[in-house]
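Note that this is a predicted model, so its numbers are computed, not measured. Counting begins at 1 with the first residue of the sequence. Note: hydrogens, waters and symmetry copies are ignored here, and every other heavy atom, side chains too, is used.
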Amino acid sequence: MNKNMLTTKEATLISDLLTMEESACKKARLYSRTLTDEKLANTFSKIADNHEKRFNALFDLL
C-alpha cells in the first residue's frame, strides 16, 4: 500500500473536518460583514481566514 494513500476512515474524517471548517469559515465571514464594531469585525475576518487556511490544508490531503 502506498504510504500516501488514505484509508477510508481517514478520508471520511478529513471530509467531516472539511465540512466543519467550511461551516465555521462561512459563519465567521458572515459575522465579519454584518458586525458594526470594526475591531470585532476584523477579528472575525481573521478567524474566517484561519478556518479557510485549515480547510485548504485538509483539502490538499485528499
Side-chain angles (χ1 to χ4, degrees):
M1 181 171 162
N2 186 340
K3 73 175 191 173
N4 292 330
M5 290 185 64
L6 297 172
T7 65
T8 302
K9 185 175 182 176
E10 291 168 332
T12 300
L13 290 171
I14 291 172
S15 178
D16 290 347
L17 288 170
L18 281 168
T19 300
M20 289 182 246
E21 288 294 346
E22 180 181 30
S23 177
C25 180
K26 285 180 178 180
K27 288 178 185 178
R29 201 68 75 200
L30 174 66
Y31 297 152
S32 75
R33 292 183 181 131
T34 57
L35 289 167
T36 56
D37 181 316
E38 187 176 337
K39 186 175 180 183
L40 198 53
N42 287 337
T43 299
F44 271 97
S45 183
K46 289 176 186 173
I47 291 170
D49 291 344
N50 287 332
H51 283 294
E52 187 174 355
K53 286 176 189 173
R54 283 191 293 275
F55 177 91
N56 290 331
L58 287 165
F59 188 79
D60 289 343
L61 294 175
L62 296 179

Considering residues at least two apart in sequence or located in another chain, which fulfil the side-chain hydrogen bond (donor to acceptor under 3.5 Å, both in side chains) criterion with E52?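 side-chain hydrogen bond (donor to acceptor under 3.5 Å, both in side chains) list for E52, sorted by chain: R29.
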For A48 against C25, the heavy-atom pair lying closest together: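 Minimum heavy-atom contact is O-SG, 3.5 Å.
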Can you give me the closest heavy-atom contact between L61 and L6, atom names plus distance?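 Closest heavy-atom pair between L61 and L6: O-CD1, 3.5 Å.
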Residues sharing L40's hydrophobic cluster, by side-chain heavy-atom contacts under 4.5 Å among ILVMFWY, directly or via others?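 L40 clusters with Y31, L35, F44, I47.
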Using modelled atom types only, decide if a donor and an acceptor are shared between the side chain of T12 and the backbone of T8 within a distance under 3.5 Å.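 At least one qualifying donor-acceptor pair exists.
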Does T43 use its side chain to pair, donor to acceptor, with the backbone of K39 at less than 3.5 Å?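 A pair under 3.5 Å: yes.
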[X]: which residues meet the side chain to side chain contact (heavy atoms under 4.5 Å, CB included) condition with it, sequence neighbours left out?
{"X": "L30", "value": "T34"}
{"X": "N42", "value": "E38"}
{"X": "K9", "value": "T7, L13"}

Rounded distance [0.5 Å steps], [atom1] in [X] versus [atom2] in [Y]:
{"X": "S23", "Y": "H51", "atom1": "OG", "atom2": "NE2", "value": "9.0 Å"}
{"X": "F55", "Y": "N50", "atom1": "CZ", "atom2": "CG", "value": "15.0 Å"}
{"X": "M5", "Y": "E10", "atom1": "CE", "atom2": "CD", "value": "10.5 Å"}

Those residues that, when tested against K26, pass salt bridge (Lys or Arg N to Asp or Glu O under 4.0 Å) (two or more places apart):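 K26: salt bridge (Lys or Arg N to Asp or Glu O under 4.0 Å) contacts with E22.
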